[in-house]
K.L.:
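My structure is below; once you've seen it, I'll send some questions.
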Amino acid sequence: MPELPEVEVVRTGLASLLLGRKVQSVTAFRADLRYPLPDFSPLFEQKIHAIRRRSKYLLFDFTGDTERGEFEAQTLVWHLGMTGQFHVLPKATSAGAHEHVRFDFDDGSSLRYRDARRFGYAGLMATNDWEKHAWFKRLGPEPLFDEFDVACLLAHCHGRKAPIKTLIMDAHVVVGVGNIYAAESLFLAGIHPARAAGRISKQRLQALVDAIKVTLAAAIQAGGSSISDFVQVDGKPGYFAHNFHVYGREGEDCTHCDAKIRRIIQAGRSSFYCPMCQH
DNA sequence: CTGAAGACCTGCCTGC
DNA sequence: TGCAGGCAGGTCTTCA
């Protein structure tokens with residue numbers, strides 16, 4: 001399901017429903033997803049006081065403050081993989097297909113995690129040092145922050161023969177750019193996805209930085225992409241798919257010229273581009 | 001170090 | 001209708 005915009009839309013939806021909720025119980029219906037699930041028992045009686053995002057990870061911050069006493073504040077880290085979904089439903093609602101974990105709260109609601117392919121994963125870590133965890137310590141900048149700029153991208157591209165598309169999808173370079181938005185950003189910037197990263201001018205890399213920011217921001221604004229099974233927390237679909245210029249449009253007309261959109265395989269993934277507009 | 005390929009797992013669509 | 005094959009948004013590991 002998710003690239004950065006989808007995760008951000010899920011984060012907003014969950015925050016609107018779950019802040020201040022106290023955990024009554026957590027049930028895991030299996031021992032692992034991609035990795036073994038953590039022991040959730042430290043979260044018992046704790047309240048969610050913030051829901052944040054870093055890269056494509058959701059971070060649920062708990063208070064550490066319960067009737068049993070004070071505990072070190074914990075952060076529940078969750079990655080949705082390809083098909084993970086969170087839904088907030090009344091406790092009485094029966095489990096759906098592929099529902100692997102549920103959190104029951106004090107107000108009668110429950111948070112359900114569903115994930116058909118089980119590429120998702122979760123971890124529980126101390127709030128004051130989650131950034132030191134292996135999942136985070138080598139991540140690149142957030143694409144929508146000022147820290148991601150042309151100087152940063154240029155430094156990673158220098159001397160690299162790897163295709164630019166592979167490079168912008170590398171989380172050590174910049175986080176959150178997945179297969180869909182990489183394709184869309186490269187189209188906007190007029191850069192061919194197979195072009196060697198080290199052979200692109202600073203000016204064109206600047207255009208790419210701008211295109212990534214514009215593309216991701218527009219997708220968040222639109223409520224995420226409705227590709228396949230992406231749904232928001234309340235079950236409504238995202239709408240960004242209606243705005244795709246190249247992704248999933250092999251053989252169709254380019255939106256800017258008379259050429260047909262092409263598909264190639266890079267690093268085992270489909271890449272879509274316009275042979276006239278991108279070089 | 002770099003870059004490519006395979007691995008994880010299930011569902012859905014296409015074509016025979 | 002049934003079934004094989006290809007494909008899917010992400011990351012991590014392995015190999016040359």
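Letters go in sequence order (proteins before strands), and every chain restarts at 1.
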K.L.:
Base, sugar-phosphate, or nothing for A:Ala267, non-hydrogen atoms under 4.0 angstrom?
P.N.:
nothing
K.L.:
Take the protein atom OH of A:Tyr181 and the nucleotide atom P of C:dG10, then report the distance between them rounded to whole Å.
P.N.:
10 Å
K.L.:
Which part of the nucleic acid does A:Gly178 contact within heavy-atom distance under 4.0 Å: base, sugar-phosphate only, or nothing?
P.N.:
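Touches sugar-phosphate only.
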K.L.:
In dot-bracket notation, what is the pairing pattern of DNA chain B, taking Watson-Crick (N1-N3 plus N6-O4 or O6-N4) and G-U wobble (N1-O2 and O6-N3) contacts under 3.5 Å, with [ ] crossing and | for other strands?
P.N.:
.|||||||.|||||||
K.L.:
Would one find more than 12 heavy atoms of other residues, nucleotides or ligands at under 6.0 Å from atom NZ of A:Lys91?
P.N.:
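Yes - once you tally the heavy atoms of other residues, nucleotides and ligands closer than 6.0 Å, there are more than 12.
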K.L.:
Measure up the A:Phe103 and A:Phe105 rings against each other and bin them: parallel (under 30°), tilted (30 to 60°), perpendicular (over 60°).
P.N.:
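Ring orientation, 0 to 90° scale: parallel.
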K.L.:
Taking atom NZ of A:Lys56 as the centre, does the number of heavy atoms from other residues, nucleotides or ligands within less than 6.0 Å exceed 12?
P.N.:
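Result for NZ/A:Lys56: enclosed.
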K.L.:
For the residue pair A:Trp78 and A:Phe86, does the interplanar ring angle fall in the parallel (under 30°), tilted (30 to 60°) or perpendicular (over 60°) class?
P.N.:
perpendicular
K.L.:
If you look at every strand shown and take non-hydrogen atoms under 4.0 Å, does A:Arg34 touch a base, only sugar-phosphate, or nothing?
P.N.:
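A:Arg34: base contact, heavy atoms under 4.0 Å.
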K.L.:
Please report the distance, rounded to the nearest Å, between CG in A:Leu80 and C1' in C:dT11.
P.N.:
13 Å
K.L.:
Distance check, P atoms only: C:dT14 and B:dC9, in whole angstrom units.
P.N.:
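My reading of the P atoms in C:dT14 and B:dC9 gives 16 Å.
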K.L.:
Whole angstrom is fine here: how far is it from OH in A:Tyr35 over to P in C:dG10?
P.N.:
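Between P of C:dG10 and OH of A:Tyr35: 15 Å.
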K.L.:
Using heavy atoms to find the nearest nucleotide of DNA chain C for A:Ala171 and A:Arg117 separately, return the residue whose nucleotide is more 5′.
P.N.:
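Here A:Arg117 is the residue nearer the 5' end.
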K.L.:
Figure out the NZ/C1' separation between A:Lys56 and C:dG10, and round it to whole Å.
P.N.:
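The answer, rounded to whole Å, is 6 Å.
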K.L.:
Give a yes or no on whether A:Gln221 atom CD has more than 12 heavy-atom contacts from other residues, nucleotides or ligands under 6.0 Å away.
P.N.:
no
K.L.:
Going by side chain to side chain contact (heavy atoms under 4.5 Å, CB included), A:Val77 matches just one of A:Tyr121, A:Tyr57, A:Phe60. Which one?
P.N.:
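Answer to the side chain to side chain contact (heavy atoms under 4.5 Å, CB included) test with A:Val77 among A:Tyr121, A:Tyr57, A:Phe60: A:Tyr57.
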K.L.:
What is the distance from CD of A:Gln266 to P of C:dG10, rounded to the nearest Å?
P.N.:
14 Å
K.L.:
Can you check the A:Leu33 CG to C:dT11 P distance for me, whole Å?
P.N.:
15 Å
K.L.:
Which residues pass the salt bridge (charged side-chain N to carboxylate O under 4.0 Å, His left out) test with A:Arg30, not counting sequence neighbours?
P.N.:
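A:Arg30 satisfies salt bridge (charged side-chain N to carboxylate O under 4.0 Å, His left out) with A:Asp32 once adjacent residues are dropped.
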K.L.:
Under 6.0 Å from the CG atom of A:Asp258, do we count more than 12 heavy atoms belonging to anything else shown?
P.N.:
no
K.L.:
Could you tell me whether the phosphate oxygens of C:dC7, OP1 or OP2, come under 4.0 Å of any side-chain nitrogen or oxygen in A:Arg269?
P.N.:
no
K.L.:
Donor-acceptor pair, A:His100 side chain versus A:His98 backbone, under 3.5 Å?
P.N.:
yes
K.L.:
Using whole Å, report how far CG of A:Asp170 lies from P of C:dT13.
P.N.:
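Going from CG in A:Asp170 over to P in C:dT13 covers 14 Å.
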K.L.:
Taking 5' to 3' order, which nucleotide of DNA chain B is first and which is last to have an atom within less than 4.0 Å of a heavy atom in chain A?
P.N.:
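Endpoints of the contacted stretch of DNA chain B: B:dT2 to B:dG11.
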K.L.:
Is the number of heavy atoms from other residues, nucleotides or ligands under 6.0 Å of A:Arg199 CZ greater than 12?
P.N.:
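Check fails, neighbour count at 12 or below.
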K.L.:
Less than 4.0 angstrom between a side-chain N/O of A:Ser270 and OP1 or OP2 of C:dC7, yes or no?
P.N.:
no
K.L.:
Check the distance between C:dA8's P and A:Glu250's CD and give it to me in whole angstrom.
P.N.:
10 Å
